[in-house]
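Below is one structure, written out as structure tokens; the observations come after it.
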Amino acid sequence: MSLYGTMRTGVSGMNAQANRLSTVAENIANSSTVGYKRASTEFSSMILPSSSGSYNSGGVQTQVRYSIADQGATTYTSSASDLAISGGGFFIVEGANGQEYLTRAGAFVQDDQGNLVNAAGFTLMGYEYQAGVDPTVVVNGFDGLTKVNLASEGLTATGSTAGLMGANLPSGAANGDVFTTSLIVYDSQGNTRILDFNYEKLADNQWELEIIDRTSSTSLGTATLDFDADGVLTTSPATLTLNGGAISPIAGTGAVLNDIDIDFSKTTQLGTSFTPDGGKIDGNAPSKISGYQIDSDGVVYIKYANGELEPRYRIALANVQSPDKLVPQSGNVYSQGVDSGVIITGFAGSGSFGTILSGALESSNVDIADELTSMIESQRNYTANSKVFQTGSELLEVLVNLKR
């Protein structure tokens, strides 16, 4: 064994402990960073060829590991746009360069354009609802994603396109008896129109449903309702498409009534009184946006002043086979690495993805007590390695002095 080899081994040990101290310092510095994942240093030995009579000391090398898969504690806040994931998955965010990244840091707030942006300036991405239809996720890429924008708009109104009406029709009614209920629908400008649902008994187990615009008395559609001996509706399909173009707009408005699909599958014929179930219709009258809500599935609802909720976005999540192998980037975000596996996207609550908590944040998974312990260990080990180097240096000096 050479003295130089001893000194190089000591330096190797000091470098390794310095790396460990660096991760400890980073962990402590980010102990309060939302969604931060702890870094740790792993050591592995470097062995040099030796013989029974001569030993060559090698050294030690380090590799930094990130505990990205370990979830931090959840803390609750008063902001609905603060988001945490309970379970697997990452939020997909977009940087200023237009590149998508993954993150668990969900402290999102609206910027001046209404986009949800976290503390590091990354914008939350999701899929936009089209006509209230749940979006379809692209599992192997970021195509179709758009920025989640909650900018308040002026008054908005949506015309009705679909609804349902159920009712129990009295089985003991005489042929020709008519029972009526009504439903409010909205035209393209949010004006209300009242539609009367007239149920006329034609024969045993058979009724006719006619839907009439109350203002103009115009029939918008009819359907024959057939029931079996148990009073269960057998008409199929149990839907009726109303011809909205059959009635004139409200005077001076120019608004149109869309064709509306009415689902009457919940209609029954039983031995009790006529009982409408209240019905349901989509669309809304003009109303201001008063806020927003985000549910556990990641659906972002716009809340109107009249209390109605409209799904506007669905937050997308992403995951990889080995989250701990993701490549950390500045701003508490991660990108795909060669060892992490490919990125798969999906929605909260499906597959291996966790659920989204609104009004909550995921804390750093750093344990200060563990970090201080590691720091003390590193300090002692660094000192011990420096003593090895110092001893080698002193022995070398003795060797040099032999020449004098």
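Position 1 is the first residue of the sequence, and the numbers go up from there. As a basis for the values below, the full set of heavy atoms in this structure was taken, side chains included, without hydrogen atoms, waters or symmetry mates.
Defined by atom type and a distance below 3.5 Å, a donor-acceptor pair is missing between the side-chain atoms of Glu200 and Trp207. For the residue pair Thr180 and Asn198, a side-chain donor N or O sits within less than 3.5 Å of a side-chain acceptor on the partner. The closest side-chain donor-acceptor pair between Thr161 and Asp282 falls under 3.5 angstrom. A donor and an acceptor atom, one from each side chain of Asn19 and Thr62, are located under 3.5 Å apart. Between the side chains of Asn205 and Gln269, at least one donor N or O lies within less than 3.5 Å of an accepting N or O. Of the N and O atoms on the side chains of Ser79 and Thr77, not one donor lies less than 3.5 Å from an acceptor on the other residue. Checking Thr23 against Thr41 by side-chain atom types alone, a donor-acceptor pair falls below 3.5 Å. Under the 3.5 Å distance criterion, with hydrogens and angles disregarded, no donor-acceptor pair is assigned to the side chains of Asn284 and Tyr304. Counted by atom type alone, Asn168 and Thr275 present zero donor-acceptor pairs between their side chains at under 3.5 Å. Between the side chains of Ser296 and Thr355, not a single donor N or O lies within less than 3.5 Å of an accepting N or O. When only modelled atom types and interatomic distance are considered, Asp213 and Ser216 share a side-chain donor-acceptor pair under 3.5 Å.
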Requested in this report: Go through the steps to decide whether Leu357 and Leu83 satisfy the test side chain to side chain contact (heavy atoms under 4.5 Å, CB included), and finish with yes or no.
Outcome: CA-CA 6 Å; Leu357 303 176; Leu83 303 175; over 6 Å; no

Query raised in the report: What's the verdict on side chain to side chain contact (heavy atoms under 4.5 Å, CB included) for Thr222 and Ile211, showing C-alpha distance, side-chain angles and the deciding distance?
Result: CA-CA 6 Å; Thr222 60; Ile211 302 176; over 6 Å; no

Report task. Apply side chain to side chain contact (heavy atoms under 4.5 Å, CB included) to the pair Phe91 and Leu102, showing each step before the final yes or no. Result -> CA-CA 6 Å; Phe91 296 113; Leu102 310 184; over 6 Å; no

Report task. Report the C-alpha distance between Val320 and Leu326 in whole Å, list the side-chain angles of each, state the deciding distance to 0.1 Å, and finish with yes or no for side chain to side chain contact (heavy atoms under 4.5 Å, CB included). Result -> CA-CA 8 Å; Val320 294; Leu326 286 168; 3.8 Å; yes

Report task. Could you walk me through whether Ser265 and Asp263 pass side-chain hydrogen bond (donor to acceptor under 3.5 Å, both in side chains), step by step? Result -> CA-CA 6 Å; Ser265 60; Asp263 180 351; 2.7 Å; yes

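How far OG of Ser51 is from CG of Asn56: 7.5 Å, rounded to the nearest 0.5 Å. In this structure, the separation between CD1 on Ile376 and CD on Glu371 is 12.0 Å, given to the nearest 0.5 Å. Rounding to the nearest 0.5 angstrom, the gap separating the OG atom in Ser160 from the CG atom in Asn258 is 7.5 Å. From Ile315, atom CD1 reaches atom CG of Leu145 across 11.5 Å, with rounding to the nearest 0.5 Å.
Remark: Glu128 does not engage Arg312 in a salt bridge, criterion side-chain N to carboxylate O under 4.0 Å. Salt-bridge annotation for Lys201 and Asp177: absent, with no side-chain N of the basic residue lying under 4.0 Å from a carboxylate O of the acidic one. A salt bridge does not link Arg38 with Glu26: none of the charged nitrogens is closer than 4.0 Å to a carboxylate oxygen. The residues Arg314 and Asp134 are annotated as salt-bridged, a charged nitrogen and a carboxylate oxygen being separated by less than 4.0 angstrom.
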Listed pairs under 3.5 Å, donor-acceptor, residues 66-74 side chains, sequence neighbours left out:
unit_1, atom_1, unit_2, atom_2, d
Gln71, OE1, Gly87, N, 3.3
Gln71, NE2, Ile85, O, 2.9

What donor-acceptor contacts under 3.5 angstrom involve side-chain atoms of residues 115-127, with partners at least two apart or in another chain?
unit_1, atom_1, unit_2, atom_2, d
Asn115, OD1, Asn149, ND2, 2.8
Asn118, OD1, Ala120, N, 3.1
Asn118, OD1, Gly121, N, 3.2
Asn118, OD1, Phe122, N, 3.0
Tyr127, OH, Val138, N, 3.1

Donor-acceptor pairs under 3.5 angstrom involving side-chain atoms of residues 327-337: please list them, not counting sequence neighbours.
unit_1, atom_1, unit_2, atom_2, d
Gln329, NE2, Ser335, OG, 2.9
Asn332, ND2, Val34, O, 2.6

What donor-acceptor contacts under 3.5 angstrom involve side-chain atoms of residues 233-241, with partners at least two apart or in another chain?
unit_1, atom_1, unit_2, atom_2, d
Thr234, OG1, Asp226, O, 3.0
Thr235, OG1, Thr224, O, 3.0
Thr235, OG1, Asp226, N, 2.8
Thr241, OG1, Asp261, OD1, 2.8

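The side-chain heavy atoms of Asp370 and Ile368, taken from C-beta on, include no pair separated by under 4.5 Å. In this structure, Ile184 and Arg193 have side chains that are not in contact, with every pair of non-hydrogen atoms separated by 4.5 Å or more. Looking at heavy atoms from C-beta onward, Ser81 lies out of side-chain contact with Gln110 at the 4.5 angstrom threshold. Annotation: side chain of Glu310 is not in contact with side chain of Tyr301 (no heavy-atom distance under 4.5 Å). Within the 4.5 Å cutoff, the side chain of Asn140 has no heavy atoms near those of the Val342 side chain. Side-chain contact between Ser182 and Arg214: present, with at least one pair of heavy atoms (C-beta onward) separated by less than 4.5 Å. Contact annotation: the side chain of Val11 never approaches that of Thr9 to less than 4.5 Å [non-hydrogen atoms, C-beta and beyond]. Gln379 places none of its side-chain heavy atoms less than 4.5 Å from the side chain of Leu21.
For the ring pair (Phe, Tyr, Trp, His ring centres under 6.0 Å) test, no residue two or more places apart in sequence or in another chain qualifies with Phe90. Here Ala246 pairs with Thr218, Leu220, Asn243 under the side-chain contact (heavy atoms from CB on, under 4.5 Å) rule; sequence neighbours left out. Legend: residues meeting side-chain contact (heavy atoms from CB on, under 4.5 Å) with Asp339, ordered by chain and number and at least two apart, are Lys325. In this structure, the side-chain hydrogen bond (donor to acceptor under 3.5 Å, both in side chains) partners of Glu210, at least two apart in sequence or on a different chain, are Ser219. Remark: Arg380 engages no residue in a salt bridge (Lys or Arg N to Asp or Glu O under 4.0 Å) (not counting sequence neighbours).
Panel note: side chain Ser290, backbone Lys303; a donor-acceptor pair is recorded below 3.5 Å. In this structure, Ser378 contributes its side chain and Arg20 its backbone to no donor-acceptor pair below 3.5 Å. The backbone N or O of Val366 lies less than 3.5 Å from no partner atom in the side chain of Asn27, so there is not a single donor-acceptor pair.
Residue pairs meeting the ring-ring contact (aromatic ring centres under 6.0 Å, His included) criterion with at least one member in residues 12-50: none, sequence neighbours excluded. Judged as a ring-ring contact (aromatic ring centres under 6.0 Å, His included), the pairs with a partner in residues 181-203 (not counting sequence neighbours) are, in order, Tyr199-Phe274. The side-chain hydrogen bond (donor to acceptor under 3.5 Å, both in side chains) analysis of residues 95-104, with sequence neighbours excluded, yields the pairs Asn97-Tyr101, Arg104-Glu362.
For CD of Gln390, the number of neighbouring non-hydrogen atoms (other residues, nucleotides, ligands) closer than 6.0 Å is greater than 12. More than 12 heavy atoms of other shown residues, nucleotides or ligands fall within 6.0 angstrom of atom CD in Glu42.
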